[in-house]
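Heads up, the thing below is written out as structure tokens.
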Amino acid sequence: MQFKDILGYSSTKKELLSLAHSGKIPHNILLDQLDGMPGVPLAWAWFQYLNCEHPQEDDSCGTCRHCKMIAELAYPDLYFIYPVVGAAGSEDPSGDFFSKWQEMLLAKRAYFSSEDWLEALKADNSRPIIYSGDALSIERKLSLHISESGYRMVIIYQPERMREEMANKLLKLMEEPPEKTLFVSVSLDPDRLLETILSRMQRLEIGTLTHEEMEHALLEYDHSLSKNDCYIATERAEGILYKAINTLQNSQQNLSYTKDYNFVIKYIESKEVGQLKALSEEMAKKGREYVVASLEYLLANLRFALRCGIDASFPRETMNRPEQQIEQYIRGWVHSGNILPLYDAIEQAIAHIKGNVVSKIVLFDLFMQLSVILTPSIKEASLTKIKARQKENK
């Protein structure tokens with residue numbers, strides 16, 4: 001993995017390169033990121049740079065023996081710890097699942113999310129955690145001599161999923177690691193880390209991409225993209241390149257999300273509670289990854305509805321034809337007075353589903369909340385339409 005393989009995120013790359021050039025490399029770094037950002041690939045590329053036999057000013061050479069081994073995740077001094085399932089009695093939980101981790105990383109490269117790892121694990125309804133066995137395993141591995149005489153690194157993905165017992169066992173290693181040993185933690189929720197762990201990390205925040213950075217990265221990713229394709233993907237991505245790429249690749253899947261969106265709107269307006277319950281069950285059968293993606297899609301379209309309502313110049317080509325029809329139908333439902341409660345309800349539902357709460361229960365509860373939030377503005381919009389028609393008929 002080279003830095004050039006990770007499109008965008010230039011500021012984080014510069015920070016990591018600056019640390020490498022300074023000669024004062026901290027032994028315990030936290031990369032704070034949103035889900036779908038390339039924290040693990042950045043740590044991977046940085047490790048390759050630190051061990052490259054012929055490093056350039058801003059990237060590894062990609063051709064030396066070390067670079068080739070690291071690129072294939074076959075380097076003996078690179079270790080990973082990540083949440084897994086069903087490994088309570090294992091002496092090396094992450095090691096037991098390394099073939100799945102390696103396969104996913106080599107396939108996804110710079111662009112994966114926590115849901116991709118859940119899918120690779122085939123976790124079903126199990127909640128992945130980082131088991132205490134990983135602390136003992138990594139302690140044994142770090143007690144050995146460095147194989148290749150360069151740096152060695154432990155990359156911890158989602159350290160917030162460590163049990164407290166595991167965190168306490170790792171703490172001493174993180175405080176006083178063996179020489180030339182680096183810990184890089186990639187966290188989606190640093191606030192859940194133990195303060196004793198957090199206080200000993202040098203924290204680097206991976207920021208979202210600007211519209212300009214996003215469009216530039218997308219054109220690098222696929223030179224054949226039209227300006228309009230880039231614009232649509234950028235508007236939906238909220239600064240995360242992974243989301244933009246998914247938007248471009250999943251146009252057919254988006255039609256299914258649009259269908260869900262349309263039913264939610266229809267049943268909330270008509271107060272068909274039984275239909276909302278049935279919809280929640282139908283969506284849940286498609287799996288957590290689908291449900292999360294569908295709710296993120298719902299968030300994006302509510303944001304578009306708000307923008308259409310307050311900005312007449314908002315380009316509606318950002319939405320497909322069915323989405324435009326829904327936006328026109330719900331005009332006035334979403335406004336500055338209810339957008340925050342809507343967002344909070346949906347984001348909390350997404351967090352619960354990712355946290356392994358039963359999807360159909362979360363969805364039905366969410367639909368009831370959305371109904372309560374939207375009902376006043378639905379009534380008001382309906383009255384406005386009635387008055388407008390009466391005025392036209394006079």
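These figures come from a predicted structure and were not determined experimentally.
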**Item:** Near-ring test His66/Tyr75, centroid separation under 6.0 angstrom
**Value:** yes
**Request:** I would like to know whether Glu213 and Tyr9 meet side-chain contact (heavy atoms from CB on, under 4.5 Å); could you show each step before the answer?
**Result:** CA-CA 8 Å; Glu213 289 171 331; Tyr9 305 99; over 6 Å; no
**Asked** Taking the six-membered ring of Tyr151 as reference, does the NZ or CZ atom of Lys180 fall below 6.0 Å from its centre and within a 45° cone about the axis?
**Response** yes
**Prompt:** Is Asp92 paired with Lys141 through a side-chain N to carboxylate O contact shorter than 4.0 Å?
**Reply:** yes
**Request:** Step by step, work out the side-chain contact (heavy atoms from CB on, under 4.5 Å) result for Leu142 and Glu139.
**Result:** CA-CA 5 Å; Leu142 296 186; Glu139 186 176 21; over 6 Å; no
**Request:** Measure the CE-NZ distance between Met37 and Lys243 for me, rounded to the nearest 0.5 Å.
**Result:** 9.0 Å
**Message:** side-chain hydrogen bond (donor to acceptor under 3.5 Å, both in side chains) for Gln158 and Arg161? Distances and angles first, verdict last.
**Reply:** CA-CA 6 Å; Gln158 294 191 65; Arg161 289 186 178 267; 2.8 Å; yes
**Request:** Given side-chain contact (heavy atoms from CB on, under 4.5 Å), test Leu73 with Phe80 step by step and report yes or no.
**Result:** CA-CA 10 Å; Leu73 299 176; Phe80 291 94; 3.8 Å; yes
**Asked** Once you round to the nearest 0.5 Å, how far does OH of Tyr49 lie from SG of Cys67?
**Response** 11.0 Å
**Neighbour count above 12 (heavy atom, 6.0 Å) for Glu103 CD** = no
**Message:** According to a hydrophobic-cluster definition based on side-chain heavy atoms being under 4.5 Å apart (Ile, Leu, Val, Met, Phe, Trp, Tyr only), do Val184 and Leu171 belong together?
**Reply:** no
**Request:** Go through Lys271 and Thr375 one step at a time and tell me if the side-chain hydrogen bond (donor to acceptor under 3.5 Å, both in side chains) criterion holds.
**Result:** CA-CA 9 Å; Lys271 296 190 179 300; Thr375 292; 3.2 Å; yes
**Prompt:** Less than 4.0 Å between a side-chain N and a carboxylate O, is that true for Lys4 and Asp59?
**Reply:** no
**Request:** Determine the interplanar angle of the Tyr297 and Tyr257 rings, folded into 0 to 90°, and report it as parallel if under 30°, tilted if 30 to 60°, perpendicular if over 60°.
**Result:** tilted
**Message:** Quick check on Lys108: does its NZ atom have over 12 non-hydrogen neighbours (other residues, nucleotides or ligands) under 6.0 Å away?
**Reply:** no
**Prompt:** Are Glu281 and Lys360 within salt-bridge range, i.e. N to O under 4.0 Å?
**Reply:** no
**Asked** Between Trp101 and Tyr82, how do the two ring planes meet: parallel, tilted or perpendicular, split at 30° and 60°?
**Response** parallel
**Request:** Check the pair Glu72, Lys68 against salt bridge (charged side-chain N to carboxylate O under 4.0 Å, His left out), reporting the backbone distance first and the verdict last.
**Result:** CA-CA 6 Å; Glu72 294 302 317; Lys68 289 180 178 179; over 6 Å; no
**Prompt:** From Leu7 CG over to Leu218 CG, what is the distance, rounded to the nearest 0.5 angstrom?
**Reply:** 8.5 Å
**Request:** Using distance alone, with no hydrogens and no angle criterion, decide if Asp344 and Gln348 have a side-chain donor and acceptor under 3.5 Å apart.
**Result:** no
**Phe112/Tyr157 aromatic ring centres below 6.0 Å** = yes
**Prompt:** How about Met368 and Val372: do any of their side-chain heavy atoms sit closer than 4.5 Å?
**Reply:** no
**Charged N-O contact under 4.0 Å between Glu235 and Arg307** = yes
**Prompt:** Salt bridge check: are Arg303 and Glu238 linked by an N-O gap of less than 4.0 Å?
**Reply:** yes
**Request:** Could you tell me the separation between the CG atom of Leu182 and the CZ atom of Arg152, rounded to the nearest 0.5 Å?
**Result:** 10.0 Å
**Asked** Quick one: do the Tyr242 and Ser113 side chains pair a donor with an acceptor below 3.5 Å?
**Response** yes
**Request:** Would you give the length of the straight line joining atom CD1 of Ile240 to atom CE of Met214, rounded to the nearest 0.5 angstrom?
**Result:** 7.5 Å
**Asked** How far does CD of Gln56 sit from CG of Leu17, to the nearest 0.5 angstrom?
**Response** 12.0 Å
**Item:** side-chain hydrogen bond (donor to acceptor under 3.5 Å, both in side chains) assessment of Tyr290 paired with Ser256
**Value:** CA-CA 10 Å; Tyr290 177 89; Ser256 183; 2.7 Å; yes
**Item:** salt_bridge(Lys354, Asp35) N-O dist < 4.0 Å
**Value:** yes
**Message:** Before you tell me yes or no, could you show the steps for Leu298 and Leu370 under side-chain contact (heavy atoms from CB on, under 4.5 Å), namely the whole-Å CA-CA distance, both residues' side-chain angles and the distance that decides it to 0.1 Å?
**Reply:** CA-CA 11 Å; Leu298 176 59; Leu370 297 183; 4.1 Å; yes
